[in-house]
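Each ligand, and each atom within it, is numbered from 1 in the order the structure gives. These numbers were taken from a predicted model, which means no experiment stands behind them.
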Amino acid sequence: MKLILFILTVLMLVGCQSPFTPEGKVTMPTAILPVAPTLTAQPTAPPTVTPTFPPPTLVPSTANPDRYEQARRLGRGVNLGNALEAPVEGEWGMVIQEEYFALIHEAGFDTVRVPIRWSAHAHTDAPYTIDATFFERVDWVIDQALSHELNVVINMHHYDELFDEPSQHQTRFIKIWEAIAERYKNTPTQLYFELLNEPHGNLTQNKWERLMSETVLAIRRIDNTHTIIVGGADWGGIQGLLNLKLPEGENNIICTFHLYDPMLFTHQGAGWVSEAYGTLGVVWPGPPEVKITPIPEAEQVNWVYTWFSQYNAFPYETNPAGPKPIRTTFDWAERMRERLDCPLWLGEFGAYEKADMQSRINWTSFVREQAEALDIPWAYWEFGAGFGIYNREDEGWNEELLRALIPE
Ligand code: BGC
């Protein structure tokens with residue numbers, strides 16, 4: 001009788017217990033071992049088995065990398081922006097060329113981030129198939145990066161329809177990620193998946209967290225190895241990480257944030273932001289030698305008017321175009337890293353070409369130094385377009401800006 005009960009108990013345990021922990025490590029043998037020698041025959045109720053999460057279809061990881069090590073490895077990076085996230089590559093003037101990878105590697109970068117507008121290359125109806133030629137183009141970019149000893153982060157960029165109508169697009173978003181995971185699941189772990197660039201609009205924090213968790217789970221059913229990178233809602237700034245809830249049970253994740261403070265300096269005269277950012281000649285750091293009068297469109301906006309009053313008057317230490325807001329961001333970053341127990345990556349920072357070059361250099365080196373002082377890896381926005389460190393026409397680096405990033 002004892003023997004029969006023992007066999008029944010073991011069978012029940014084996015039947016119910018998933019062999020995988022949320023990290024996908026095999027745990028089964030330890031779950032049944034202690035039962036055998038001490039069993040006394042009173043199993044009137046079935047033994048309770050703690051349900052596992054995620055479900056047992058999770059793919060086991062062969063080499064689940066350490067997230068802090070994965071973040072450290074990102075080191076110094078650059079965004080290959082304005083290419084694959086344009087509606088069609090080339091439409092924004094930038095086409096990724098083979099020679100860029102060698103140049104980037106030789107300059108001392110460790111990583112390229114590749115913004116990609118997958119939504120423009122996937123069917124709008126289920127099963128949302130991704131265009132084969134486009135996928136091959138991404139294969140090529142990944143191969144090039146890896147063969148030049150560069151880590152490569154691919155993301156989902158400019159999925160504008162998702163920001164407008166999250167509920168209409170969440171299934172498509174997940175399905176696109178499933179297709180990406182399926183295609184690259186056997187690629188080395190120098191490839192990283194960044195779920196979504198700068199979530200915003202109607203994709204509010206709660207909606208984004210839910211979608212993020214579902215997407216992570218969907219990817220993990222296919223690929224339990226590659227590191228996933230996530231940012232917070234409200235345009236991916238540090239404040240988006242303040243209340244972020246990371247997917248439960250997931251330990252191969254990096255948290256990202258972007259830094260463009262102050263926008264009135266980094267985005268002065270940029271065509272894709274509002275007229276309030278149209279005042280040119282804003283230097284970094286402030287205050288300017290000669291006071292600046294904001295353009296009328298800027299003066300009409302209260303916070304912009306106040307910003308310029310302070311910019312013209314406040315000393316370096318407290319100037320809104322000074323070290324203070326940037327230091328504050330990094331103070332928050334340090335706290336967020338601890339609170340979330342999530343390594344950080346500064347995935348974008350940069351100043352647009354309409355700012356004067358010396359100010360761009362000042363700002364870029366200051367931000368880079370702050371990040372490195374806290375061991376936060378980074379990727380500059382971007383390689384060869386409006387914020388560019390490489391001049392594609394002259395086929396040469398903007399040496400001073402490059403030195404602001406890679407001083408040695
Ligand atoms: C956007 C780019 C923009 C950059 C700086 C990126 O996240 O996708 O279009 O140039 O931020 O604003």
Does the side-chain hydrogen bond (donor to acceptor under 3.5 Å, both in side chains) test come out yes or no for R113 and N197, once each step is laid out?
CA-CA 11 Å; R113 177 175 184 256; N197 182 63; 2.8 Å; yes
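- Atom 2 (C) of ligand 1 has its closest protein heavy atom at W381 CZ2, 3.5 Å.
- Salt bridge R67/E250: absent, no basic N to carboxylate O contact under 4.0 Å.
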Please lay out, stage by stage, how E372 and W378 fare under the test side-chain hydrogen bond (donor to acceptor under 3.5 Å, both in side chains).
CA-CA 8 Å; E372 291 186 350; W378 50 261; 2.9 Å; yes
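- Residue H157 has at least one N or O atom closer than 3.5 Å to an N or O atom of ligand 1.
- At a 4.0 Å cut-off, at least one heavy atom of Y260 sits close enough to ligand 1 to count as contact.
- A salt bridge links E178 with K175; the closest basic N to acidic carboxylate O contact falls under 4.0 Å.
- At a 4.0 Å heavy-atom cut-off, ligand 1 touches E198 through the side chain alone.
- For atom 6 (C) of ligand 1, the nearest non-hydrogen atom of the protein is E348 OE1, 3.2 Å.
- At a heavy-atom cutoff of 4.0 Å, ligand 1 is contacted by no atom of N82, backbone or side chain.
- When non-hydrogen atoms are compared, ligand 1 lies under 4.0 Å from the side chain of H158 (C-beta onward) but not from its backbone.
- Residues W118 and Y128 place their aromatic rings such that the two centres sit no closer than 6.0 Å.
- Looking only at heavy atoms of the protein, atom 5 (C) of ligand 1 is closest to H267 NE2, 3.3 Å.
- Salt bridge absent: R403 and E400 never bring a charged side-chain N and a carboxylate O closer than 4.0 Å.
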